[in-house]
Amino acid sequence: MAKAVDKAYQTVRDRIVRGIYPAASRITEQEVAAAAGVSRTPVREALRRLHAEGLLEFIPHQGAIVAEWTSADREDVFELRALLESYGAARAARRMTPEGIAELRQLAEEQYHETLSKREGYLERIGDLNSRFHRRIHEFAGSARLVTALASLIEAPLMMKTFLTYQDEDLIRSASHHLEIVRALEARDGDWSAALMRSHILGARGAMRQL
């Protein structure tokens, strides 16, 4: 049962994050059950979990509806990310391994390369590399609660669409920030890492405000 719930949950979550289920759209249990290959019973539990995360709303006589994101939601997400991710970067700086630095540097360099090359599909690849980079820093911070708290923030539909709206200069700045963050983590400088991460998040907020 637990595996079926997880499967249904991940199926719906991925589709919301990637915009397959857009804001304000209705999601039926039958639809999810067919997509995930499970019965309707675990689907109900999966939808409740997504409601608890703020990705779905339950409306009388309509059922599960994908939550809409307002400008206030956007500000809230960025403020929380600036606080939590700078804290996570400071923690990660004290716990980084050489292997971890190598992994993060590779992700950052791939993102920078994608930004410059602009090959077909590069924005989707940049979005994926960006999410992986941030998730790994959260994991290296060594706090399961922090990982859980940030998962719904960096993978929110609003965040996943950020790169689709960026100008070239925004993409270059974001990729350059990642390279700088790696250098700060490699130096094991928590204050530097936190300051760079905060600047990185607020820079993303500034770019979104111009839309």
Side-chain angles (χ1 to χ4, degrees), residues 10 13-14 16-18 53-55 69 73-116 122-166 169-209:
Q10 201 59 53
R13 196 175 196 283
D14 286 346
I16 292 174
V17 166
R18 299 189 182 281
E53 291 183 6
L55 293 178
W69 289 78
D73 292 326
R74 179 179 64 191
E75 290 294 315
D76 195 28
V77 166
F78 278 114
E79 287 179 14
L80 288 169
R81 286 189 63 194
L83 287 169
L84 294 176
E85 292 205 62
S86 58
Y87 168 70
R91 284 179 60 102
R94 301 191 294 269
R95 295 167 170 80
M96 290 302 305
T97 64
E99 294 78 15
I101 290 295
E103 179 184 354
L104 289 173
R105 179 173 286 115
Q106 180 177 352
L107 290 170
E109 289 176 349
E110 286 183 19
Q111 182 172 336
Y112 194 82
H113 175 72
E114 291 284 0
T115 298
L116 297 181
Y122 75 104
L123 290 176
E124 288 77 11
R125 290 191 296 275
I126 285 174
D128 178 64
L129 288 164
N130 179 77
S131 293
R132 288 163 60 191
F133 182 86
H134 283 268
R135 279 200 305 269
R136 290 302 285 144
I137 292 177
H138 305 162
E139 290 163 1
F140 281 119
S143 170
R145 289 182 177 84
L146 182 67
V147 170
T148 300
L150 282 166
S152 61
L153 294 176
I154 68 168
E155 294 183 3
L158 176 70
M159 297 299 103
M160 295 298 285
K161 293 177 181 176
T162 297
F163 293 106
L164 300 179
T165 61
Y166 268 16
E169 62 188 43
D170 298 319
L171 291 170
I172 292 173
R173 183 195 66 247
S174 179
S176 298
H177 281 172
H178 280 197
L179 292 168
E180 285 290 325
I181 290 168
V182 172
R183 283 191 278 272
L185 292 170
E186 187 174 26
R188 297 186 180 278
D189 189 322
D191 291 338
W192 184 18
S193 300
L196 286 172
M197 183 61 78
R198 178 173 173 77
S199 176
H200 176 58
I201 301 301
L202 295 181
R205 182 182 68 178
M208 289 290 285
R209 279 177 171 174

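Please read all numbers here as calculations on a predicted model, not as lab measurements. For reference, positions follow the sequence shown, starting with 1.
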- Item | E109: salt bridge (charged side-chain N to carboxylate O under 4.0 Å, His left out) partners, not counting sequence neighbours | none
[X] [atom1] to [Y] [atom2] distance, which is reported to the nearest 0.5 Å:
X: I181; Y: S199; atom1: CD1; atom2: OG; answer: 8.5 Å
X: H178; Y: N130; atom1: NE2; atom2: CG; answer: 4.5 Å
X: E169; Y: T115; atom1: CD; atom2: OG1; answer: 13.0 Å
X: L107; Y: R135; atom1: CG; atom2: CZ; answer: 9.5 Å
X: Q111; Y: I126; atom1: CD; atom2: CD1; answer: 6.0 Å
X: F133; Y: L179; atom1: CZ; atom2: CG; answer: 8.0 Å

- Task: Hey, could you give me each pair passing salt bridge (Lys or Arg N to Asp or Glu O under 4.0 Å) that has a residue in residues 182-191? Not counting sequence neighbours.
- Result: R105-E186, E180-R183
- Item | Pairs involving residues 85-95, ordered by first then second residue, that meet salt bridge (Lys or Arg N to Asp or Glu O under 4.0 Å) (sequence neighbours left out) | R81-E85
- Message: Quick check: closest heavy atoms across G88 and L146, and the distance to 0.1 Å?
- Response: CA-CD2, 3.6 Å
- Message: Ignoring hydrogens, what is the shortest heavy-atom contact between S176 and Y112? Give both atom names and the distance.
- Response: OG-CE1, 3.5 Å
- Is there side-chain contact between I137 and L185, with at least one heavy-atom pair below 4.5 Å? yes
Looking at residues at least two apart in the chain, or sitting in another chain, which of them share a side chain to side chain donor-acceptor pair (under 3.5 Å) with [X]?
X: H177; answer: H200
X: R198; answer: none
X: Q106; answer: E110
X: E103; answer: R136

- Would you check, one step at a time, whether the test side chain to side chain contact (heavy atoms under 4.5 Å, CB included) holds for I201 with F78? CA-CA 7 Å; I201 301 301; F78 278 114; 4.0 Å; yes
- Lys/Arg-Asp/Glu bridge criterion (N-O < 4.0 Å) met for D170, R173: yes
- Query: Are the side chain of S174 and the backbone of L171 linked by a donor-acceptor contact shorter than 3.5 Å?
  - Reply: no
- Message: Checking T148 now: which residues fulfil side-chain contact (heavy atoms from CB on, under 4.5 Å) with it, not counting sequence neighbours?
- Response: none
